[in-house]
2 protein chains.
Amino acid sequence: MPRRDSSQAAPRAHRPQLNRVYAAIADPTRRAILAALAGGELNVGSLAGRFPISFNGVSKHVKVLERAGLVRRRVRGREHWLRLRPEPLREATRWLEHYREFWEARLDALEALLVGTRGRRP
Amino acid sequence: MPRRDSSQAAPRAHRPQLNRVYAAIADPTRRAILAALAGGELNVGSLAGRFPISFNGVSKHVKVLERAGLVRRRVRGREHWLRLRPEPLREATRWLEHYREFWEARLDALEALLVGTRGRRP
DNA sequence: ATAATATTCTACCGATCGGTTGAATGATAA
DNA sequence: TTATCATTCAACCGATCGGTAGAATATTAT
């Protein structure tokens, strides 16, 4: 699969993979699935056993995580073994960090300006 | 508004605010709105002028960002001025960072174990 | 060969989403 | 007062979402 080089300074806006990653981790069940997978590889069945929803529900969540690139599937016989793929998280973190720092710096500067202009503020 | 103390070591799973933040930034239009707001306060109209969707569409996106706590609204007369609120991003970043580091360490350890066991690997 | 197991596929449900349109509200300007 | 402007509200649309149930597929066990 041809993968776009992600080592750019300013993150672009329209990256479907980034959309998918954020959408994937927006669901608490999927975050819990990722946390469960942090303990090591699991097949779909034993993973599903840890959640209060149906097997098929978990299977669908896994597919969402897979499309986001956060989970990799290794089929061996009739069992599908799932393992984490943290690479996309790195990009997602980078985007967040980039903007968070930028915004906080901007807002801090603005507040400093206001303080300097009209005195301190509770 | 009573706000939960968010200075805990291990991020919990069911935090609706976190869900809302990730869901909010999963949409590229909303990320672009945040980026536009990084340039300073804007009212809904001038913000909407920068996007190829309807005024009402932008207004709805702003409401989503507001419910996620990422945007604050200050009504002055008939204009609503919007400004960034980066605090929720800090929590969102913290969660991502926490898990990313944990997972990468785990997977690196696993890979090292495999390499040590059965020799090098392409 | 037959049965049990692990999993996906298909179809459905109600809820939410992104988006539009048109009407309503409220503040300013003439 | 009467327009005009900035904005939300309410209703709608088709698409997607989280979830369930049941059928289909393939692998393993008897």
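On a predicted model such as this, the values are computed, not experimentally measured, just so you know. Chain letters run A, B, ... following the sequence lines, proteins first, then strands; residues in each count from 1.
When the nucleotides dT8(D), dG19(D), dG22(D) are ranked by their closest atom to the side chain of N56(A), dG22(D) comes out on top. Relative to the side chain of T29(A), the nucleotides dG19(D), dT20(C), dT7(C) differ in distance, and dG19(D) lies closest. Distance from the side chain of S54(B) is smallest to dT20(C) among dT7(C), dT20(C), dT8(D).
Side chain R78(A) to base dT5(C): a donor-acceptor pair is found below 3.5 Å.
Closest-nucleotide positions on DNA chain D for W81(B) and D27(A) were compared, and the one nearer the 5' end corresponds to W81(B). Comparing R67(B) and I53(B) against DNA chain C, the residue whose closest nucleotide sits nearer the 5' end is R67(B).
The CZ atom of R20(B) sits 11 Å away from the P atom of dC17(C) (whole-angstrom rounding). The NZ atom of K60(A) sits 12 Å away from the P atom of dC9(C) (whole-angstrom rounding). Atom CD in E79(B) sits about 9 Å away from atom P in dT28(C), given to the nearest Å. Nucleotide dA24(D) holds its C1' atom 14 Å from the CZ atom of F55(A), rounded to whole Å. Rounded to a whole Å, the CZ atom of R73(B) is 15 Å from the P atom of dA6(D). Whole-Å rounding puts the L47(B) CG to dA6(D) P distance at 14 Å. With rounding to whole Å, N43(A) atom CG is found 10 Å from dT7(C) atom C1'. Between the NE2 atom of H80(A) and the C1' atom of dT8(C) there is a distance of 7 Å, rounded to whole Å.
Contacts of G57(B) with the nucleic acid, taken as non-hydrogen atoms under 4.0 Å apart, include base atoms. Looking at heavy-atom distances under 4.0 Å, R76(A) makes no contact with the nucleic acid at all.
Contact annotation: H61(A) reaches the phosphate of dG19(D) (side-chain N/O to OP1 or OP2, under 4.0 Å). In this structure, K63(B) does not reach the dT7(D) phosphate: none of its side-chain N or O atoms is under 4.0 Å from OP1 or OP2. For the OP1/OP2 pair of dT7(D) and a distance below 4.0 Å, the side-chain nitrogens and oxygens of S59(B) include no atom meeting the criterion.
For the pair R100(B) and W95(B), the NZ or CZ position fails the cation-pi test of under 6.0 Å to the six-membered ring centre and within 45 degrees of the ring normal.
For the residue pair W81(A) and R76(A), the shortest heavy atom distance occurs at CD1-CB, 4.4 Å. Contact record, H61(A) with I53(A): CD2-CD1, 3.8 Å, taken as the closest heavy-atom pair.
One end of the helix from dA1(C)-dT30(D) to dA30(C)-dT1(D) points its axis 10° away from the other end's axis, with each axis taken from 5 pairs and the angle rounded to 10°.
Salt-bridge annotation for E66(B) and R73(B): present, with a side-chain N of the basic residue lying under 4.0 Å from a carboxylate O of the acidic one.
Below 30°, between 30° and 60°, or above 60°: for Y22(A) and Y22(B) the angle between ring planes is below 30°, a parallel geometry.
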What's the verdict on side chain to side chain donor-acceptor pair (under 3.5 Å) for N43(B) and S46(B), showing C-alpha distance, side-chain angles and the deciding distance?
-> CA-CA 6 Å; N43(B) 58 23; S46(B) 56; 2.6 Å; yes
